[in-house]
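These figures come from a predicted structure and were not determined experimentally. Naming convention: chains lettered A, B, ... in sequence-line order (proteins, then strands); numbering from 1 in each chain.
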Number of protein chains: 2
Amino acid sequence: MTTDDEPRRIQSADRVCDILEYLRDGDQTTVSEVADAVGLSPGTAHTYLATLESRGFVRKRDGKYQLGLALLPYGEHVRLQNNLYQAAKAELHRLAHDSDATAHLMTEYEGRLIVLHEAFGENAIGTEYHPRKRERPQTHLHCTSAGKAILAHLPDYRVARVIEDQGLASYTSSTITDEAELVAELETVRDRGFALNDQEQMHGIRAVGAPIRYDGDRVLGAVSLSGAASNWSGDRFRRDLPEKVMRAANAIEVNLHSEPDEGISPD
Amino acid sequence: MTTDDEPRRIQSADRVCDILEYLRDGDQTTVSEVADAVGLSPGTAHTYLATLESRGFVRKRDGKYQLGLALLPYGEHVRLQNNLYQAAKAELHRLAHDSDATAHLMTEYEGRLIVLHEAFGENAIGTEYHPRKRERPQTHLHCTSAGKAILAHLPDYRVARVIEDQGLASYTSSTITDEAELVAELETVRDRGFALNDQEQMHGIRAVGAPIRYDGDRVLGAVSLSGAASNWSGDRFRRDLPEKVMRAANAIEVNLHSEPDEGISPD
DNA sequence: AATACGTTTTTGCTAATATCAAAAGGAGAG
DNA sequence: CTCTCCTTTTGATATTAGCAAAAACGTATT
């Protein structure tokens with residue numbers, strides 16, 4: 001035992017996190033898969049899973065383990081206590097209806113996108129892109145309009161770190177996978193005030209995103225509007241919708257300032 | 001140490017759950033509050049919180065601890081993998097629009113209601129009842145239309161257990177707090193196929209709920225529609241909306257059967 | 001059917017670690 | 001500036017998480 005500098009941790013708490021994380025990313029796993037994913041003996045992994053199951057954090061459905069329903073209220077609680085969500089909720093709804101598309105409120109966390117809220121325009125449902133395929137809820141920033149809008153307003157060193165940590169994975173043939181190209185794109189986004197995503201994350205889907213800033217300084221997140229590429233002709237995609245999205249983002253910024261509540265958001 | 005019959009547990013995993021649960025129910029707590037809520041020394045509690053914070057499960061905002069953003073994706077994952085959600089999503093949206101009210105998809109878990117999804121009609125926003133007051137996301141069954149719809153189709157012994165475990169807390173002056181009265185009400189609900197909630201959970205809010213059943217047997221959850229009491233006149237509240245809600249519930253039941261996926265939902 | 005294999009689950013034992021007390025460090029009040 | 005209260009760190013120890021191996025299941029395989 002050399003010098004023990006790092007603050008102390010509860011190893012088992014980390015293990016719990018590891019297990020939940022693993023279940024979140026994969027899904028429908030077995031005891032032994034979990035065991036060697038987190039580096040435990042099957043016996044011990046079993047004890048963890050049994051404990052978590054009895055707490056509802058994990059669910060066992062015919063031999064396989066998956067995340068349990070009890071987690072839902074936690075996510076909901078986080079959402080409700082989030083200022084950005086509170087400030088944006090109504091505006092997002094309005095935006096979705098006004099443009100008859102799908103609107104998302106997103107924020108960045110550890111280099112990934114987290115969806116804070118989702119609103120659908122009247123005829124937008126079905127168009128939306130959770131095609132039953134259960135994608136992981138966290139996406140890369142570089143391939144979405146909201147992500148690019150956020151990146152464009154993050155300080156350079158943070159952008160660099162995101163790229164280093166997360167890489168520039170290719171989702172479709174249009175995804176920007178080159179760092180220089182991305183940096184140039186971010187410049188454009190910053191200048192014109194909104195970001196476009198032309199089937200860069202998913203074929204057939206276009207999106208428009210605008211940043212939500214605080215004090216004209218920190219980016220707290222972004223709003224985006226997405227829909228089927230076929231419905232979004234040139235002008236609508238490049239002019240009308242961006243305008244609507246930016247107006248919504250602006251309205252949210254105003255709301256943020258008028259929130260008497262506590263201080264502002266994360267990180 | 002006597003005979004150790006119960007299956008083994010990871011005590012620290014339980015502690016993690018205890019802490020998260022405590023943070024979910026209260027909110028904005030301090031180290032020492034957490035410490036004696038879960039029965040640990042402040043020092044140890046601190047180590048737990050520090051670990052969980054570094055994992056994003058918990059967040060420290062000027063000395064106070066609260067649940068962290070990292071939890072959101074877990075809830076989202078659970079929602080996306082839920083069959084009932086998948087089967088109901090589009091229908092809920094349609095219902096909300098069609099009636100221009102707020103629609104909820106709920107399921108029962110451990111005697112409480114869990115919100116699986118929420119959809120707003122075009123003008124329904126603002127009417128909705130998350131009045132920034134951060135209520136805990138889990139509510140009693142007996143005081144909501146969805147809850148009553150579910151209870152009405154649960155076997156008697158389960159209803160009895162829910163009442164015993166959760167009690168019949170009084171939310172407003174109209175809340176049913178008498179067991180016999182509730183049982184009678186459930187009978188009515190079962191007969192006519194839907195449940196009403198006339199300001200029983202919150203003053204000024206009315207709601208209509210219908211159960212979602214599988215095989216005409218198990219209840220998987222319920223759909224409900226809610227809105228301002230002042231907008232919902234007698235006929236609309238007691239006839240038109242119930243009809244819409246029941247139609248939606250039915251459509252969802254049909255979807256559930258046509259899901260090729262895996263088996264069906266939880267306990 | 002009977003056997004063999006790959007799991008999961010249980011169990012005994014031990015090393016690792018979660019835990020407490022108490023000290024040290026901060027922050028806010030008087 | 002000092003006192004007090006809370007958080008954070010630290011040292012020492014009892015508890016428990018962890019492994020290995022055995023037992024119990026389930027499922028192929030012959």
Self-check item: B:Asp156 atom CG: more than 12 heavy-atom contacts under 6.0 Å
Solution: no
Quiz item: Over its full length, what angle do the end axes of the helix from C:dA1-D:dT30 to C:dG30-D:dC1 make, each axis taken from five pairs and the result rounded to 10 degrees?
Solution: 40°
Practice problem: Indicate whether any N or O donor in one side chain lies under 3.5 Å from an N or O acceptor in the other, for A:Ser54 and B:Arg9. | Solution: yes
Self-check item: N or O in side chain of B:Ser32 less than 4.0 angstrom from D:dT7 OP1/OP2
Solution: yes
Self-check item: Presence of B:Arg8 side-chain N/O under 4.0 Å of D:dG18 phosphate oxygens OP1/OP2
Solution: no
Quiz item: Contact class for B:Lys60 vs. all strands (heavy atom < 4.0 Å): base, sugar-phosphate, or nothing?
Solution: sugar-phosphate
Exercise. Would you kindly give the CZ-to-C1' distance between A:Arg15 and D:dT16, to the nearest whole Å?
Key: 13 Å
Practice problem: Write down the distance between CD (B:Glu53) and P (D:dT7), rounded to a whole number of angstrom. | Solution: 14 Å
Quiz item: Where does the angle between the aromatic ring planes of B:Tyr214 and B:His257 fall among parallel (under 30°), tilted (30 to 60°) and perpendicular (over 60°)?
Solution: parallel
Practice problem: Figure out the CG/C1' separation between B:Leu40 and C:dT17, and round it to whole Å. | Solution: 14 Å
Practice problem: Give the rounded distance in Å between these two atoms: CZ of A:Arg9 and P of D:dA17. | Solution: 17 Å
Self-check item: Whichever of B:Ala45 and A:Tyr65 has its nearest DNA chain C nucleotide further upstream toward 5'
Solution: A:Tyr65
Quiz item: Do B:Tyr65 and B:Tyr22 have their ring centres less than 6.0 Å from each other?
Solution: no
Quiz item: Does A:Gln11 have a side-chain nitrogen or oxygen under 4.0 Å from the phosphate oxygens OP1 or OP2 of D:dT16?
Solution: no
Practice problem: Check the side chains of B:Thr47 and B:Thr44 for a donor-acceptor pair under 3.5 angstrom, ignoring hydrogens and angles. | Solution: no
Practice problem: I would like to know whether B:Phe57 and B:Tyr74 meet ring-ring contact (aromatic ring centres under 6.0 Å, His included); could you show each step before the answer? | Solution: CA-CA 10 Å; B:Phe57 279 59; B:Tyr74 291 87; 5.4 Å; yes
Would you tabulate the pairs of protein nitrogen or oxygen atoms and nucleotide nitrogen or oxygen atoms of nucleotides 20-23 of chain D closer than 3.5 angstrom?
none

Quiz item: Want to settle it: does A:Gly63 or B:Pro42 sit nearer the 5' end of DNA chain C, counting the closest nucleotide to each?
Solution: A:Gly63
Quiz item: Looking at A:His46, does any N or O in its side chain come under 4.0 Å of the phosphate oxygens OP1/OP2 on C:dT8?
Solution: no
Exercise. For residues A:Ser170 and A:Thr177, report the shortest heavy-atom separation together with the two atoms involved.
Key: CB-CG2, 3.7 Å
Self-check item: Salt bridge flag under 4.0 Å for residues A:Arg158 and A:Asp165
Solution: no
Self-check item: Nearest-angstrom distance from the residue atom CG of B:Leu49 to P of C:dT19
Solution: 12 Å
Quiz item: Salt-bridged, A:Glu76 to A:Arg79, with N to O below 4.0 Å?
Solution: yes
Quiz item: For the pair made of CD in A:Glu33 and C1' in C:dG6, what is the distance, rounded to whole Å?
Solution: 13 Å
Quiz item: Touch check for A:Thr30, heavy atoms < 4.0 angstrom, all strands: base, sugar-phosphate only, or nothing?
Solution: sugar-phosphate
Quiz item: Hey, does the side chain of B:Ser12 come within less than 4.0 Å of C:dT17's phosphate (OP1/OP2), counting only N and O?
Solution: no
Quiz item: Just how far, in rounded Å, is C1' of C:dT19 from CD1 of A:Ile10?
Solution: 8 Å
